[in-house]
Amino acid sequence: MHRCTAVLLLLVVALYVLSAEAYKCRCTRKGPKIRYKDVQKLEIKPKHPFCQEKMIFVTMENVARFKGQEYCLHPKLQSTKNLVKWFRIWKDKHRVYEA
């Protein structure tokens with residue numbers, strides 16, 4: 001009886017962990033309008049077993065509208081692709097090189 005209870009408890013914990021990991025994959029299809037100049041940090045996370053799409057996270061500057069919030073953007077949206085492209089160009093242009 002104890003072995004059956006332990007197996008059942010382990011199964012419940014495993015399902016909970018899998019559902020929590022799968023939830024991390026869900027990026028919104030529609031979010032606030034974000035300008036590339038308001039982005040402080042851009043992270044592109046690769047695909048992993050729990051999510052079939054790469055995830056794009058942006059951390060916003062401390063401007064009045066966003067106040068340092070983090071957003072997960074859907075990678076297939078054209079607006080997200082444009083934001084990533086223009087953010088990289090803008091960061092390269094404003095990079096400070098040390099002598």
Side-chain angles (χ1 to χ4, degrees):
M1 186 67 179
H2 293 290
R3 189 173 291 170
C4 184
T5 306
V7 170
L8 184 62
L9 183 61
L10 185 62
L11 182 64
V12 168
V13 169
L15 287 174
Y16 176 76
V17 169
L18 287 175
S19 67
E21 288 294 324
Y23 180 74
K24 291 180 184 178
C25 177
R26 297 181 186 161
C27 294
T28 59
R29 287 221 169 255
K30 198 171 187 184
K33 187 168 184 165
I34 297 174
R35 292 180 0 184
Y36 63 91
K37 291 182 180 181
D38 293 335
V39 175
Q40 177 183 2
K41 183 171 73 171
L42 178 100
E43 292 179 274
I44 300 177
K45 303 215 176 182
K47 298 177 185 178
H48 56 83
F50 302 110
C51 183
Q52 298 305 315
E53 297 176 344
K54 63 183 175 182
M55 294 183 286
I56 300 173
F57 292 98
V58 292
T59 304
M60 305 306 293
E61 292 279 349
N62 259 342
V63 292
R65 195 170 126 196
F66 296 112
K67 297 181 183 146
Q69 292 178 335
E70 183 176 271
Y71 294 100
C72 181
L73 305 176
H74 198 277
K76 292 185 179 175
L77 291 177
Q78 189 61 42
S79 59
T80 301
K81 292 175 185 177
N82 289 340
L83 177 76
V84 170
K85 173 184 156 190
W86 287 107
F87 178 77
R88 286 181 173 163
I89 291 171
W90 184 73
K91 275 296 186 188
D92 285 342
K93 201 181 264 191
H94 291 89
R95 182 176 290 159
V96 176
Y97 295 99
E98 295 181 16

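Every heavy atom of this structure was used, including side-chain atoms; hydrogens, water molecules and symmetry mates were not.
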Please step through side-chain contact (heavy atoms from CB on, under 4.5 Å) for the pair Val58 and Ile34, ending with a clear verdict.
CA-CA 9 Å; Val58 292; Ile34 297 174; 4.1 Å; yes
Ion pair check, Glu53 and Lys47, cut-off under 4.0 Å:
no
Mind checking the CD1-CG spacing from Ile89 to Asp92? Nearest 0.5 Å is all I need.
8.0 Å
Here the gap from Lys81 atom NZ to His74 atom NE2, rounded to the nearest 0.5 Å, amounts to 10.5 Å
Rounded at 0.5 Å granularity, tell me how far CD1 in Ile56 sits from CG in Leu77.
9.0 Å
Using the side chain to side chain contact (heavy atoms under 4.5 Å, CB included) definition, which of the options Arg35, Lys41, Gln40, Lys37 pairs with Glu61?
Gln40
Nearest heavy-atom contact between Glu70 and Glu43 is OE1-OE1, 4.3 Å
Checking side-chain contact (heavy atoms from CB on, under 4.5 Å) for the pair Gln78/Asn82: CA distance, chi angles, key distance, verdict?
CA-CA 6 Å; Gln78 189 61 42; Asn82 289 340; 3.2 Å; yes
Quick check: closest heavy atoms across Phe87 and Val39, and the distance to 0.1 Å?
CE1-O, 3.4 Å
Rounded to the nearest 0.5 Å, the CE atom of Met55 sits from the CD1 atom of Ile44 at a distance of 12.0 Å
I want to check something: taking the side chain as every heavy atom from C-beta on, are Lys54 and Pro75 in contact at a cut-off of under 4.5 Å?
yes
4.5 Å side-chain heavy-atom contact, Leu73 and Tyr71
yes
